[in-house]
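Whatever order the structure lists them in is the order used to number ligands and atoms, beginning at 1.
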Amino acid sequence: KLRLHNGRTAYHFQPAKNWQNDPNGPLYHNGVYHLFFQYNPHGPLFDTGKLSWGHSVSGDLVNWAALDTALDPTDPFDVSGCWSGSATVLPGDRPAFLYTGKDTGRVQVQNVAFAKNPLDPLLREWEKPSCNPIIPIPADVTHNNFRDPSTAWLGRDGLWRVVIAAEVNGVGSALIYRSADFLRWERNAAPLHSSPQQPLGTTLECPDFFPVAEHGSEALDTSANGTGVRHVLKLSELSTHHDFYMVGRYDDLEDTFSPEERELGDDCRSWRFLDYGQAYAAKSFFDARRNRRVQWAWVHEYDSRADDVAKGWSGIQTFPRKVWLDGDGKQLLQWPVDEIETLRTKRVGLQGTVVKAGGLHEIVGIASSQADVEVVFEIPNLEEAAECFDPDWLDPKKLCREKGAAFLQGGVGPFGLLVMASGDLQEQTAVFFRVFKYQGKYKVFMCTDLTRSSTKAEVSKNAYGGFVDVDIEKDKSISLRTLIDHSVIESFGGGGRSCITTRVYPEHAASSNSHLYVFNNGSGMVNVSKLEAWEMATATVNVADADLDAL
Ligand code: FRU
C-alpha cells in the first residue's frame, strides 16, 4: 500500500503518480464503472502536448484498478494532446468517445474513438478511425477554443446531438452538432447557449448537458425528454475557474434551451455555482446500475509546483456525487454516492450538545484526517441573534473576505466545524455557516476559510463561500456534511444544496494527528442536535497490486 504522505488522499480518486486533471468519459458498462481522465504519463505537471486519457475501472466507485492509457497523442489529429471528452454508449452496446484532439498545427478538433472489443469488460483498447477529425475547426471559431464534447443524446428525430464549447466570433458559446451515424456531424445554426461578451468575455469549457426528473431523485438516461423532465446545462468557465449551471427546458426539435431562472442573466458566471470551492470541469454520467446520475470533478493542487514535483503527483477527483433536482425546480442537490459508507469504520457522535457563544467542542475518538462527518445545527434564537445583511455583501467572495472569517464574532454564526486542526490550533480550517436577516427573510452563508489552514507559506489560502438556498426560518436548523481526506475537504451544506471543495496542506499532518471541533463564534447559542463522525478506511485506489478479478 502507498504510504499517505504529502497530502496523498485515502479514498479520493488519484492515479498512483503523475498529473491528472478533468474527468473524461465516465461510464457504466457491463457491470463495471470506468473513469478516464486527463493524464500526463510523463510527470507530475501539466504538459498540454503530452496529455493522454488515463483509465481506471471499479466495481463500486470506491476501489479502483489502473489500466493502461486509453488514448494517447499518436495521430495527426491529436498528436499535440488528447484533451477532454465524453463517452456515449451506441446501440448494440458499443461505447464510443468524442474527444478534443490538438492536431499537428495545435488546432483544436473533435475526434471519435470506439471500444475495440465492446465485449471486453475492461474496455482496454480504443480505436481511432481514419476519418478523424470528424469535426474540424469552423471558420468563425478561435483555433484554441473549440473543445470538450459532451455525452451525446438522441433527439426524437433519431439524430445524435452533442454540445461543444467554442469561442464563436469572440463569444463564449455552447454549440450543438447533429449526426445520423456518429461520424458525420453538422452544426446547428443557433448555439445552445452563448454568454455575452461584456464586460469581460468568458472562456467556456467542459459543457455537461443532461435531463433530470422534475420530481424525485431517480435519474434519466441522457436521451430522455418530455413531460416531467427538465435539463441542466453546466459550463466550466476558465477565467473564474468555476463550474456554473442552470436548470431549464430543452426543445429537441429546435435544439434550444430556455433557462428556468432567466433573471440570473445570460452570463453563465451569474448562474448557480456547482461548487463554491476549487472543484472544476465536472462531468456526469447515467448510472443504469443504480438508476442515478453520478458526477465527478477535478480538484487541482494549491501548493507549489516544486511540491508537486517532490510528491510526484498532482490533482485528485471529488468523491463521486449523486446529483438530482431539488423540489424547487431550480437547484441541484449533490451527495456522495452511498457506497462511501462501506469505508466507514469507527463512529463517534454527539446528541443535543449546546455550543455557547465562543464555544469550542472537540470530537475525540477517531482519526479525523480521514473522516466523514454529518452534523445538524439547530438555531433556537434565530430572530434575536441574526444580524442585518448589507447588500454590498451579495458577492460571496467579498462576504468571505470581510464577514466570512470564522474568527470574527457574529450574531448567528459563524458556527460549524474546525477540521484538520493541529493540537495547538495554529493550523485549522473552518467550515461554517452564518445567518443574516435581509428584507424580512434570512440569508444563509456558508464558507470554507483556508486562511489558517497551513503554516506553510507557498500554498494558496483563500476563503471560499456562497449562499445556501434553504428555508431556515421554517427548518430552524441546517445540516452540514464534510468529507475530510488529508488534503481535501468536501462540504455539503443544507442537504447538498451548496458544496465547497477545497485543498489544504497543513504542516502538522506530517508528524502528528489532526483534530476536529465544533465551534460557535456567534453571540447566540447553537445546538448540535445530532453529530456523527466516522473514521474512514483507506480505499484501494490505483495501487499497483490491485486485483482485477475482485471487480
Ligand atoms: C479544462 C480543460 C479542458 C481541456 C483540458 C485539457 O480543465 O482546459 O477544456 O480539454 O482541460 O487538459
Exercise for the section: Would you kindly say whether Gln14 and Asn542 are connected by a side-chain donor-acceptor distance under 3.5 Å? Expected result: no

Handout entry: Among Trp19, Tyr280, Phe46, ring-ring contact (aromatic ring centres under 6.0 Å, His included) partner for His300
Key = Trp19

Problem - Identity and separation of the nearest protein heavy atom to atom 4 (C) of ligand 1 - result: Trp83 CE3, 3.4 Å

Exercise for the section: Determine, considering heavy atoms only, which of Asn145, Asp22, Thr48 sits nearest to atom 1 (C) of ligand 1. Expected result: Asp22

Problem - Residue pair Asn225 / Tyr250, side-chain donor-acceptor N/O under 3.5 Å - result: no

Problem - Asn21-ligand 1 polar pair, N/O distance under 3.5 Å - result: yes

Exercise for the section: Check each atom of ligand 1 against the heavy atoms of Leu51 and keep those under 4.0 Å away; list them by number with element. Expected result: 12 (O)

Practice task
For Asp338, check salt bridge (Lys or Arg N to Asp or Glu O under 4.0 Å) against everything at least two apart and list the hits.
Solution key: Arg290

Exercise for the section: Output all residues satisfying side-chain hydrogen bond (donor to acceptor under 3.5 Å, both in side chains) with Ser258, sequence neighbours left out; order by chain, then residue number. Expected result: none

Problem - Shortest protein heavy-atom distance from atom 10 (O) of ligand 1, along with the residue and atom involved - result: Asp148 OD1, 2.6 Å

Exercise for the section: Kindly confirm or rule out an N or O of Glu205 lying under 3.5 angstrom from an N or O of ligand 1. Expected result: yes

Handout entry: Winner among His241, Gln20, Gln38 once heavy atoms are compared against atom 6 (C) of ligand 1
Key = Gln38

